[in-house]
Amino acid sequence: MDSRSELADFLRTRRNRLTPDQAGLPEDGRIRRVPGLRRDEIARLAGVSTEYYTRLEQGRAGNPSPEVLSALSRALRLDASETEHLEDLLTRPNTATRRTPAGP
């Protein structure tokens with residue numbers, strides 16, 4: 001699994017384990033199609049745009065600042081080891097390699 005997939009899975013599973021009630025968010029009346037918080041809710045809690053959080057979750061946002069990492073950790077209610085893992089995932093280069101055709 002490449003680091004982008006790992007990051008997406010990690011952030012998604014952490015979002016899914018939190019309910020709006022646990023996060024202190026009021027009920028907005030929208031039907032939830034997935035468990036846990038929506039991307040826009042995590043983004044709001046972390047103080048970043050939904051677009052930026054989406055790019056982070058997709059592994060397309062580059063290296064976020066320490067302040068963003070801290071805000072995401074708080075919003076997702078990560079413990080110390082989960083925060084360290086998130087930092088590793090966000091700073092690790094993408095390990096996916098492209099296959100090249102074998103030479104003669």
- Query: What residues form a side chain to side chain donor-acceptor pair (under 3.5 Å) with Thr13, not counting sequence neighbours?
  - Reply: none
- Atom CZ in Arg32, atom CD in Glu41: separation rounded to 0.5 Å? 4.0 Å
- Contact check, side chains of Leu72 and Ile42, non-hydrogen atoms, under 4.5 Å: yes
- All salt bridge (Lys or Arg N to Asp or Glu O under 4.0 Å) counterparts of Glu82, not counting sequence neighbours: Arg14, Arg17
- Please list, chain by chain and in numerical order, all residues satisfying side-chain contact (heavy atoms from CB on, under 4.5 Å) with Ser70, sequence neighbours excluded. Arg74
- Message: For Leu86 versus Leu78, what's the shortest heavy-atom pair and its separation?
- Response: CD2-CD1, 3.8 Å
Would you list the atom pairs, donor with acceptor, under 3.5 Å between side chains in residues 44-54 and any protein atom, with sequence neighbours excluded?
unit_1: Ser49; atom_1: OG; unit_2: Tyr52; atom_2: N; d: 2.9
unit_1: Tyr53; atom_1: OH; unit_2: Glu57; atom_2: OE1; d: 2.8
unit_1: Thr54; atom_1: OG1; unit_2: Thr50; atom_2: O; d: 2.8

- Note on the structure: Quick note, ring-ring contact (aromatic ring centres under 6.0 Å, His included) partners involving residues 10-40, not counting sequence neighbours, are Phe10-His85
- Message: How long is the straight-line distance from CD of Glu84 back to CG of Leu69, given to the nearest 0.5 Å?
- Response: 12.0 Å
- Task: Evaluate the side-chain proximity of Leu37 to Asn16: yes if any heavy-atom separation is below 4.5 Å, no if none is.
- Result: no
- Can you sort out the partners of Arg77 under salt bridge (Lys or Arg N to Asp or Glu O under 4.0 Å), two or more places apart, ordered by chain and number? none
- Would Asp21 and Thr19 count as having a side-chain donor-acceptor pair, cut-off 3.5 Å? no
